[in-house]
**Q** 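Encoded as structure tokens, here's the structure I'll be asking about.
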Amino acid sequence: MSISIKSAEEVEGMRVACRLAAEVLDMIAPYVKAGITTEELDRICHDFIVNEQHAVPAPLNYKGFPKSICTSVNHVICHGIPGPKKLKNGDIVNVDITVIKDGFHGDTSKMFLVGQVKPYARQLVEVTREAMYLGIREVRPGAALNRIGAAIERHASQHNYSVVREFCGHGIGREFHEEPQVLHYFEPKLDIRLEAGMIFTIEPMINQGKRHVQMLSDGWTAVTKDHKLSAQWEHTVLVTPTGYEVLTLRQEEDFGRTELG
């Protein structure tokens, strides 16, 4: 496994790209409401990334993906393709943003609650967010990579939720997907030691029901096999000499951008 250790210059490039990705989520927030279609959200994000940020939406045409963002609603786990269906009151939706700026990728996603959301849906969204943060807190030089997944799986299990295993976090930089793979469950063999300069995403997908996945005929959209709800949050994280730095942290978040090891 060849894991890229970013130089100081590359880290600065990643900071810029990640900040832009976070800004897209801040920008789109007021638009995520009942009555809007996910393809309208895609158009707004695309125009903002291209015309305002002078960046590139990484998903567009990536291995044939047809849109600039991913929108995953209710029982869609990930990689939902924006389309003509309107969001409705009570929906939960993940908006996944990746931008390329000066050759560097910034990757992040956030769950949005549409109107009045049922308490059980709200709880799933919040527990998934907490699980991501618990995984991030395991990041420091010398720590085993599998501690991230262990922390996430433990928190999900405590709430009787399941962790999707078919998709995972990943290294990121000049390439959209690099090593290492960041599993969101405990894998004893994944005991790679973290080093300062590594950058990767932590993006747990947590299901209300069973963990099993079904792929739709479009070849991209992954849904829960039992059609129960799924939630996902994602941040891009840098391993620093003393701990971590959340490169995609948004202003609204009350989670620390950095933490000493």
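No experiment lies behind these values; they were computed from the predicted model shown. Computation of the quantities below employed the complete heavy-atom set of this structure, encompassing side-chain atoms and omitting hydrogens, waters and symmetry-equivalent molecules.
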**Q** May I have all residue pairs that pass salt bridge (Lys or Arg N to Asp or Glu O under 4.0 Å) and include part of residues 206-226, sequence neighbours excluded?
**A** Glu166-Arg211

**Q** Ignoring hydrogens and angles, write down the donor-acceptor pairs under 3.5 Å from the side chains of residues 14-37, residues two or more places apart or on other chains.
**A**
unit_1, atom_1, unit_2, atom_2, d
Arg15, NE, Glu245, OE1, 3.4
Arg15, NE, Glu245, OE2, 2.9
Arg15, NH1, Glu12, OE2, 2.2
Arg15, NH2, Glu245, OE1, 2.8
Arg19, NH1, Glu23, OE2, 3.0
Thr37, OG1, Glu40, N, 3.1
Thr37, OG1, Glu40, OE1, 3.1

**Q** side-chain hydrogen bond (donor to acceptor under 3.5 Å, both in side chains) for Glu130 and His155? Distances and angles first, verdict last.
**A** CA-CA 8 Å; Glu130 293 168 354; His155 193 63; 2.7 Å; yes

**Q** So, do Ile3 and Glu179 sit near enough that their side-chain heavy atoms are less than 4.5 Å apart?
**A**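 Contact flag for Ile3/Glu179 side chains = yes.
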
**Q** Please confirm whether the backbone N or O of Asp91 pairs with a side-chain atom of Asn74, one donor and one acceptor, at under 3.5 Å?
**A** no

**Q** If you round to the nearest 0.5 Å, how far is SG of Cys70 from CD1 of Ile81?
**A**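 Answer for the CD1-SG pair, Ile81 versus Cys70, is 8.5 Å.
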
**Q** Given 3.5 Å as the limit, does a donor-acceptor pair link the side chain of Asp96 with the main chain of Ser109, or not?
**A** no

**Q** Under a 3.5 Å distance rule, please check whether Asn94 uses its side chain to pair with a backbone N or O of Gln232 as donor and acceptor.
**A**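 Flag set: sc Asn94 to bb Gln232 pair under 3.5 Å.
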
**Q** Within the side chain of Trp233, is there an N or O that forms a donor-acceptor pair under 3.5 Å with the backbone of Val125?
**A**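 Side chain of Trp233 to backbone of Val125, a donor-acceptor pair under 3.5 Å: yes, one is there.
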
**Q** Less than 4.0 angstrom from a charged side-chain N to a carboxylate O is my criterion; do Glu153 and Arg165 meet it?
**A** yes

**Q** Decide yes or no on side-chain hydrogen bond (donor to acceptor under 3.5 Å, both in side chains) for His75 and Thr224, but give the supporting numbers first.
**A** CA-CA 6 Å; His75 71 290; Thr224 57; 5.7 Å; no

**Q** Could you list the donor-acceptor pairs under 3.5 angstrom formed between side-chain atoms of residues 188-201 and any protein atom two or more places apart in sequence or on another chain?
**A**
unit_1, atom_1, unit_2, atom_2, d
Arg193, NH1, Gly142, O, 3.2
Thr201, OG1, His170, N, 3.0
Thr201, OG1, Glu203, OE2, 2.7

**Q** Between Lys101 (side chain) and Gln53 (backbone), is there a donor-acceptor pair under 3.5 Å?
**A**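 Such a contact is found between Lys101 side chain and Gln53 backbone.
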
**Q** Tell me, yes or no, whether the heavy-atom count around Glu9 atom CD, taken from other residues, nucleotides or ligands under 6.0 Å, exceeds 12.
**A**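 No - once you tally the heavy atoms of other residues, nucleotides and ligands closer than 6.0 Å, there are 12 at most.
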
**Q** Enter the distance from Phe104:CZ to Arg174:CZ here, rounded to the nearest 0.5 Å.
**A**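 Answer for the CZ-CZ pair, Phe104 versus Arg174, is 3.5 Å.
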
**Q** Are His177 and Tyr62 an aromatic pair, judged by ring center distance below 6.0 Å?
**A**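 Distance test on ring centres: under 6.0 Å, yes.
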
**Q** Locate the shortest heavy-atom distance separating Pro204 from Ile152; write the atom from each residue and the value.
**A** CB-CG2, 3.8 Å

**Q** Return yes if some donor-acceptor pair links the side-chain N/O of His105 with the main-chain N/O of Ile100 below 3.5 Å, else return no.
**A** no

**Q** Measuring from Asp107:CG to Leu247:CG, what's the distance to the nearest 0.5 Å?
**A**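 That separation rounds to 11.5 Å.
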
**Q** Assign the ring pair Phe65 / Trp220 to parallel, tilted or perpendicular, where the plane angle (0 to 90°) is split at 30° and 60°.
**A** perpendicular

